[in-house]
Amino acid sequence: MEKNYHVCTGCGLLCDDIEVESENNTVTKVYTACRVGVAHMKEARRGEADFLVDNKPVDESTAISEAASILKNARNPLIFGLGTSTSETQKIAIELAKKINATLDDTSSFCLGPLAEALIQDKLKSCTLDDVRNKADVIIYWGTDPSDSHPRQLSKHSYFPRGIEKQRGWEEERTAIAIDVRKSHTAKICGNYFFQIPPKGDAEFIDALIAGISGKLPKTSYNYPPKKILELANILKGAKFGVIFAGRGLIYSLENLEPLFKLMKILNEKANFHLIPMISSYNTMGFNENLFAETGYVNSVKFENGTVKHGPEYSVVESLKAKTVDAALIIGSDPLLILPGSIAKNMLEIPVISMDHCETLTSKHAKIYMNTAINGVEAGGSATRMDRVKVSFEPAIETKHPSEEVILKKIMEAL
Ligand code: SF4
């Protein structure tokens, strides 16, 4: 029996204290991880990888040459996914996209992309999760429910743990605040500091909060009690080290990030505030950083003979909606499941190559399916955590499943 510490790639927190026991190349016990992490680590498989063309088993080289042929013959192929891929894989995918003049996008184009871009461009003050644990006295969970989506966020990275300057941990030394449209599990933990706002009410709430922080009467069209907003404004003004964990609920509600920029500006005139995006897939931030380093954009790009174009028309949603792409390579994602059906159905009209560690709706309908290793469990590499800290990881067990990195390299060679 082997016992080792590993990184969990189950969500954007990339917890690095996961104790794993394995026997005969099978994960037998997982300690420290949350329920999501335990299930994720135990997904590791023995046996051979599946390679399917038209749902019929083939060998690896046949699947690769078929995939290369589809990509070579496509006029405008789409490469999509990569949020659960290592940075090494993402960089090869970018090279591949350049080589075949592909449209390249990830889920951030319809999730937290604007926030990731602002952070990469240093337009918002941020900090690390270690800083939060060691110093934070005011923590806001805004439009996010980490108790469900990132189960160890409160216990290991924010509200509950002791830190260097916060030896007594939660309640006594920290104030946790939830702002959301519903009373989530996280909101329940925040108790009296839960501020329930109506859907799409975030921009107005921010305006009212800014008014409260500036000593004016806070007003909203939905008549949020001014007294409660003033109470919140006073807590925020007194923060020695504040952090906003911003989730999809907040970003979806805003037409653009201007209200958030204004709030962060005034918070940093009166106090000391940071922002961290609540990213779900463990290396979405890595994708945004790697693509930005190559092109100056974080998502939605189209490569064309040495040039790069960028815009919403090159997002996965708009490309599929307008039917501008004629083949798709999907890496570690399930667009048939996650995109609106009216848009996703257009994928059924083009040849799709799916690389994934498990069967998905997309892989079931794909022309080619390649069953790859689970990153962090069966394959090693590196990633960027949601707070932009770089994390490297080794596989917990050996596998016969090829990594995404190996498969992409072989496709590149076969082109
Ligand atoms: Fe894994 Fe996320 Fe759970 Fe940490 S919180 S153990 S990274 S799933």
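This one's a predicted model, so the numbers in the text were calculated from it and none came from an experiment. Whatever order the structure lists them in is the order used to number ligands and atoms, beginning at 1.
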Donor-acceptor side-chain pairing of Asn299 and Tyr297 below 3.5 angstrom: no

Centroid separation Phe205 to Tyr224 less than 6.0 Å: yes

Heavy-atom nearest neighbour in the protein, as seen from atom 5 (S) of ligand 1, with distance rounded to 0.1 Å: Arg152 N, 3.5 Å

Region of Thr32 engaging ligand 1 - heavy atom pairs below 4.0 Å: neither

Lys135 and Asp130 ion-paired at < 4.0 Å: no

Charged N-O contact under 4.0 Å between Asp207 and Lys262: no

Glu60 bridged to Lys410 by N-O distance under 4.0 Å: yes

Atom 3 (Fe) of ligand 1 reached by Cys34 (N, O or S, under 2.8 Å): yes

Close-contact set for ligand 1 against Gly10 heavy atoms, below 4.0 Å: 8 (S)

Heteroatom N/O/S of Cys8 within less than 2.8 Å of atom 1 (Fe) of ligand 1: yes

Nearest-contact summary for atom 2 (Fe) of ligand 1 - protein heavy atom, Å: Cys11 SG, 2.3 Å

Salt bridge Glu173-Arg162, side-chain N to carboxylate O under 4.0 Å: no

Distance from atom 4 (Fe) of ligand 1 to nearest protein heavy atom, with residue and atom: Cys15 SG, 2.3 Å

